[in-house]
Participant: 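This is the structure I want to talk about, given as structure tokens.
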Amino acid sequence: MDSNDRIEIYLPDNSKMEMEKGATVGDLALKISKGLYNHSLAGRVNGELKDLSYTLNNGDKVTIIKDDAPEAHDILLHSASHVMAQAVQDLYPEAKVTIGPAVENKFYYDFDKDPAFTEDDLEKIEARMEEIIEEDLEFERKEISRDEAIQLFKEKNEDYKVEIIQDLDQDEKLSLYQQGDFIDLCRGPHVPSTGKIKAFKLLNTAGAYWRGDSSNKMLSRIYGTAFPSKKELNKYLNFLEEAKKRDHRKIGKELDLFHIDQEVGPGLILWHPKGARILQQIKDYWIKAHIDEDYELVQSPHIGQSNLWKTSGHLDFYSEGMFNPMKIEDDAYYIKPMNCPFHIKIYNSDIRSYRDLPIKYAELGTVYRYEKSGVLHGLMRVRGFTQDDAHIICMPEQLDHEIQKLLEFTFDFLDSFGFSDIDVYISTRSEDKYVGSKEMWEEATNALKSSLDDLKIEYQIDEGEATFYGPKIDMKIRDSLNRDWQCTTIQFDFNLAERFNMEYVDSDGERKQPYMIHRAILGSLERFLGVLIEHTKGNFPVWLAPVQVAVLPISDTQIEEAQKVHKELQKHGIRSELNTTSEPVSAKIRKAETDKIPYMFIIGDREIENETVSVRKHMKGDIGTFKRSEIIDTILEEIANKNRSTKN
RNA sequence: GCCACCCUAGCUCAGCCGGUAGAGCAGCUCUCUCGUAAAGAGCAGGUCAGGAGUUCGAAUCUCCUGGGUGGCUCCA
């Protein structure tokens with residue numbers, strides 16, 4: 001055979017593979033092995049994702065993407081969204097297609113359809129999708145000119161597609177994908193044929209604005225998911241189930257922690273005694289930890305005059321997040337959406353020397369923000385919440401040290417709640433919109449980076465993503481279901497220092513502007529407790545549990561002794577609950593188990609005689625009989641240790 | 001705020017096509033005094049989210065309001 005008919009392909013391990021000219025990615029996969037071919041969805045050719053049908057060129061570097069590769073899932077999801085769009089247009093020809101990308105573990109497609117899709121439509125669409133998958137239609141790629149594309153979609157009456165194409169660059173290469181008689185504008189790649197979608201499910205419908213802009217038309221969105229196997233789909237569906245079981249709103253009700261009352265108002269939390277106990281534990285620990293870290297506790301009012309918010313800039317930049325003011329005599333007062341102006345006022349109440357710095361003001365400050373009704377969500381998104389707020393005011397030369405201390409403190413603090421898996425993001429200066437000098441930004445950003453580097457903490461940089469007033473670190477804690485929650489934020493604020501004219505007198509007698517860092521570790525206590533509920537499934541570690549020990553006499557005759565044990569526990573500061581109902585112990589145990597109380601002390605005649613207690617641990621069962629002082633010490637030690645780096 | 005869906009006893013839910021509300025759990029009372037996840041009986045508990053309309057008749061159909069859920073949007 002002529003060598004011109006052959007091409008050489010490089011595989012990821014740099015080995016060479018000789019192929020016939022005109023061979024595709026799929027041919028390559030097949031040549032490597034049949035098994036690989038059967039599981040391959042696409043290829044990465046010289047770094048770019050391509051279809052299996054892509055024709056290879058001499059010298060290409062190719063990685064075959066199997067269905068279990070990290071990139072594979074998005075491709076599969078995206079292809080599934082095309083199948084859904086096809087099914088929708090088969091069933092509802094009047095529905096116009098817009099866009100349908102893959103998002104994390106899901107895909108969606110937005111349609112312009114009136115009336116919008118309801119959950120009841122999903123079953124029908126799923127059934128049609130099954131048929132399309134059964135037909136195993138090929139995903140065929142076609143390249144097309146811009147004008148041809150516009151013409152094609154105009155003919156099809158697909159105005160949204162036309163709009164998308166018109167907004168693309170003139171010289172953009174356009175590609176279409178067709179399966180059966182369904183054609184969509186799409187960059188690709190796709191799986192080779194619809195049959196590759198082995199398992200899928202439509203999840204829910206939702207409204208979504210065209211191009212995410214609330215001034216545009218509301219479209220009808222359908223969410224779904226797809227996996228290379230039924231097994232993986234089920235795993236994902238189980239995950240969703242599990243998340244539902246852990247929903248803090250559900251557990252909050254079951255454990256009687258809090259409620260939101262219609263008459264009080266949406267987004268406003270009423271903490272019941274048990275929820276308040278957990279909060280109080282968090283607060284007590286927070287205060288102690290902050291005092292140990294040389295923070296000064298301050299306390300500020302809930303409202304402030306309009307001038308304050310004018311100076312701070314909130315009325316200019318944050319008014320949409322603030323509640324309407326109330327008139328008091330001749331002034332307008334606003335409920336605080338943030339604590340910072342107050343802390344700054346405390347700082348400014350005296351001349352500050354360089355010797356005073358750093359000054360660190362901390363407050364569990366309750367703030368109120370107007371959130372649109374549609375975004376409210378249990379404890380996670382509320383209108384009134386308590387920030388674990390602090391402001392660090394320091395000199396430039398103290399920056400590195402303060403940031404480093406703060407980071408260490410933050411990681412340790414989160415660890416005591418069992419959160420040790422944390423993603424860190426630094427947001428840097430945006431090119432066009434920022435206050436302060438470039439030098440300040442650089443100094444601050446470098447302090448953030450070098451402190452993280454020193455602590456050997458990996459982070460991602462979100463270039464240009466900072467707000468206009470300063471660079472920041474955001475942290476996301478990972479919960480037991482591997483979900484991320486943003487809690488911690490550490491933000492420089494060059495704006496307020498300037499606006500409020502913050503100063504300190506340096507050693508050379510000059511008045512200088514200090515750096516101000518605004519930080520919250522837990523973010524909002526409400527939200528944090530919500531995360532904690534979902535993380536622990538309501539099985540709180542002993543130090544946080546609203547009731548730590550349930551004292552259960554076997555029958556009424558042991559109540560008196562049980563009372564003694566109960567008092568003894570309380571004397572040690574252990575939150576104990578005595579069950580004096582006349583039910584059988586098994587019922588009392590069941591009650592304590594469903595209440596998720598970590599320890600149960602069972603007291604019968606044997607225990608009275610030997611001055612012991614029989615101990616049962618929540619979810620573990622009977623752990624044996626202990627001398628009372630011994631088990632109390634064990635529990636006290638467990639409380640003191642909190643739950644550093646222990647996974648649930 | 002927008003789109004879709006939902007709201008029945010404290011909680012979880014049943015109540016078909018309109019005929020005027022039901023269960024389990026929880027609560028209360030009584031009986032039982034019990035050894036590691038539910039003892040038995042009885043009692044009480046609801047303007048069916050609120051309002052208006054259609055109808056001889058509305059938990060059920062329609063509209064409005066409130067609240068919630070899933071999204072969108074927003075997030076100094």
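Note on naming: letters A, B, ... go to the chains in the order of the sequence lines (proteins, then strands), and numbering restarts at 1 for each one.
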Participant: Looking only at non-hydrogen atoms, find the nearest pair between A:Leu202 and A:Glu126 and report the distance.
Facilitator: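 Heavy atoms of A:Leu202 and A:Glu126 come nearest at N-OE2, 2.7 Å.
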
Participant: In this structure, which stretches of RNA chain B are paired as stems of three or more consecutive Watson-Crick or G-U pairs, both distances less than 3.5 Å?
Facilitator: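 If one scans RNA chain B for consecutive Watson-Crick or G-U pairs, the stems found are B:1-7 with B:66-72, B:10-13 with B:22-25, B:27-31 with B:39-43, B:49-53 with B:61-65.
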
Participant: For RNA chain B, determine which residues of residues 549-564 of chain A have any heavy atom closer than 4.0 angstrom to one of its atoms, and list them numerically.
Facilitator: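 Here the set is A:Ile554, A:Ser555, A:Asp556.
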
Participant: Taking atom P in both B:U60 and B:U47, what distance in whole Å separates the two?
Facilitator: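 So the two P atoms sit 16 Å from each other.
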
Participant: Step by step, work out the side-chain contact (heavy atoms from CB on, under 4.5 Å) result for A:Ile602 and A:Val585.
Facilitator: CA-CA 8 Å; A:Ile602 289 137; A:Val585 238; 4.2 Å; yes

Participant: Taking the same atom, C1', in B:G46 and in B:U20, what whole-Å distance lies between them?
Facilitator: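 One C1' to the other, the span is 13 Å.
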
Participant: Quick one: list whatever passes ring pair (Phe, Tyr, Trp, His ring centres under 6.0 Å) with A:Phe323, sequence neighbours left out.
Facilitator: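 A:Phe323 satisfies ring pair (Phe, Tyr, Trp, His ring centres under 6.0 Å) with no other residue.
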
Participant: Measure the shortest side-chain to side-chain distance between A:Glu242 and A:Lys537 over non-hydrogen atoms and say whether it is less than 4.5 angstrom.
Facilitator: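 Yes. Closest side-chain heavy atoms under 4.5 Å.
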
Participant: For residues 254-266 of chain A, which side-chain donor-acceptor pairs fall under 3.5 Å, sequence neighbours excluded?
Facilitator:
unit_1   : atom_1 : unit_2   : atom_2 : d
A:Glu254 : OE2    : A:Lys250 : NZ     : 3.1
A:His259 : ND1    : A:His272 : NE2    : 3.4
A:His259 : NE2    : A:Asp261 : OD2    : 3.0
A:Asp261 : OD1    : A:Glu263 : N      : 2.9

Participant: Tell me whether A:Lys596 forms a cation-pi arrangement with A:Phe540, defined as NZ or CZ under 6.0 Å from the six-membered ring centre and within 45 degrees of its axis.
Facilitator: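 No, a cation-pi geometry is absent between A:Lys596 and A:Phe540.
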
Participant: If the condition is salt bridge (charged side-chain N to carboxylate O under 4.0 Å, His left out), which residues does A:Arg383 pass it with, not counting sequence neighbours?
Facilitator: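 Listed in chain order: nothing, the list is empty.
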
Participant: Taking the P atom of each, how far is B:C5 from B:C61, in whole Å?
Facilitator: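 The same atom, P, in both gives a distance of 13 Å.
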
Participant: Rounded to whole angstrom, note down the P distance from B:G67 over to B:C28.
Facilitator: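 Approximately 34 Å lies between the P atom of B:G67 and that of B:C28.
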
Participant: With the sugar-phosphate defined as primed atoms, P, OP1 and OP2, and the base as all remaining atoms, what B/S/- string results for nucleotides 37-42 of chain B, 5' to 3', for protein heavy atoms under 4.0 Å?
Facilitator: BBB---

Participant: Taking any heavy-atom pair under 4.0 Å as a contact, classify A:Ser373: base, sugar-phosphate, or nothing.
Facilitator: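 The answer is base, as A:Ser373 lies within the cut-off (heavy atoms under 4.0 Å) of a base atom.
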
Participant: Compare every heavy atom of A:Ile344 with every heavy atom of A:Leu496, then report the nearest pair and how far apart it is.
Facilitator: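 Answer, listing the atom of A:Leu496 first, then A:Ile344: CB-CD1, 3.6 Å.
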
Participant: Answer yes when A:Glu593 and A:Arg616 have at least one side-chain N-carboxylate O distance shorter than 4.0 Å, and no when they do not.
Facilitator: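 A salt bridge is present here (some side-chain N lies under 4.0 Å from a carboxylate O).
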
Participant: Going 5' to 3' along nucleotides 8-14 of chain B, which nucleotides have protein heavy atoms under 4.0 Å from the base (write B), which only from the sugar-phosphate (write S), and which from neither (write -)?
Facilitator: ---SS--

Participant: Can you name the nearest heavy-atom pair linking A:Glu534 to A:Asp247, along with the distance?
Facilitator: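 That closest heavy-atom pairing would be OE2-CA, 3.4 Å.
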
Participant: Is the A:Tyr318 ring parallel, tilted or perpendicular to the A:His314 ring (thresholds 30°, 60°)?
Facilitator: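 Answer is perpendicular, since the angle exceeds 60°.
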
Participant: Taking only residues two or more places apart in sequence, or in another chain, which ones meet A:Glu163 in a salt bridge (charged side-chain N to carboxylate O under 4.0 Å, His left out)?
Facilitator: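 In terms of salt bridge (charged side-chain N to carboxylate O under 4.0 Å, His left out), with neighbours along the sequence ignored, A:Glu163 is linked to A:Arg211.
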
Participant: How far does the P atom of B:A76 sit from the matching atom of B:U65, given to the nearest Å?
Facilitator: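 To the nearest whole Å, 31 Å.
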
Participant: Examine A:Lys336 relative to A:Phe342 and say whether NZ or CZ is less than 6.0 Å from the centre of the six-membered ring and inside a 45° cone about the ring axis.
Facilitator: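 Pair A:Lys336/A:Phe342 counts as cation-pi.
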
Participant: Could you measure between the two P atoms, the one in B:A14 and the one in B:G24, and give it in whole Å?
Facilitator: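 Between the two P atoms, the distance is 16 Å.
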
Participant: Considering only atom C1', compute the distance from B:A38 to B:C25 and round it to an integer number of Å.
Facilitator: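 Going atom to atom, C1' in each nucleotide, I get 10 Å.
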
Participant: Between A:Ser576 and A:Leu569 (side chain of the first, backbone of the second, donor and acceptor by atom type, cut-off under 3.5 Å), is there such a pair?
Facilitator: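 Answer holds: no.
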
Participant: What does nucleotides 61-66 of chain B look like as a protein-contact string, B for base, S for sugar-phosphate only, - for none, at under 4.0 angstrom between heavy atoms?
Facilitator: -----S

Participant: Along nucleotides 69-76 of chain B, 5' to 3', which nucleotides get a B, which get an S, and which get a -, given that the test is a protein heavy-atom distance under 4.0 Å?
Facilitator: SBBBBBBB

Participant: Taking salt bridge (charged side-chain N to carboxylate O under 4.0 Å, His left out) as the test, write out the residues that go with A:Asp74, two or more places apart.
Facilitator: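 A:Asp74 satisfies salt bridge (charged side-chain N to carboxylate O under 4.0 Å, His left out) with no residue once adjacent residues are dropped.
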
Participant: Is the terminal nitrogen or CZ of A:Lys360 (NZ for Lys, CZ for Arg) located under 6.0 angstrom from the six-membered ring centre of A:Tyr295 and within 45° of that ring's axis?
Facilitator: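 Yes, a cation-pi geometry holds between A:Lys360 and A:Tyr295.
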
Participant: Find the distance A:Met600:CE to B:G35:P and express it as a whole number of Å.
Facilitator: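 A:Met600 atom CE is separated from B:G35 atom P by 17 Å.
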
Participant: Could you measure the distance from the NE2 atom of A:His566 to the CD1 atom of A:Ile574? Nearest 0.5 Å is fine.
Facilitator: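 If we round to the nearest 0.5 Å, A:His566:NE2 and A:Ile574:CD1 are 12.0 Å apart.
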
Participant: Taking the six-membered ring of A:Tyr108 as reference, does the NZ or CZ atom of A:Lys106 fall below 6.0 Å from its centre and within a 45° cone about the axis?
Facilitator: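 Here A:Lys106 fails the 6.0 Å and 45° test against A:Tyr108.
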
Participant: Taking atom P of B:G68 as reference, at what distance in whole Å does atom NZ of A:Lys244 sit?
Facilitator: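 Rounded to whole Å, this separation is 19 Å.
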
Participant: Taking atom C1' in both B:G50 and B:A41, what distance in whole Å separates the two?
Facilitator: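 Roughly 39 Å separates the two C1' atoms.
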
Participant: Please report, rounded to the nearest Å, how far the P atom of B:G68 is from the CE atom of A:Met380.
Facilitator: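 Those two atoms, CE and P, are 16 Å apart.
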
Participant: Of all residues at least two apart in sequence or in a different chain, which pass the side chain to side chain donor-acceptor pair (under 3.5 Å) check with A:Gln460?
Facilitator: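 Side chain to side chain donor-acceptor pair (under 3.5 Å) check on A:Gln460 returns nothing, list empty.
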
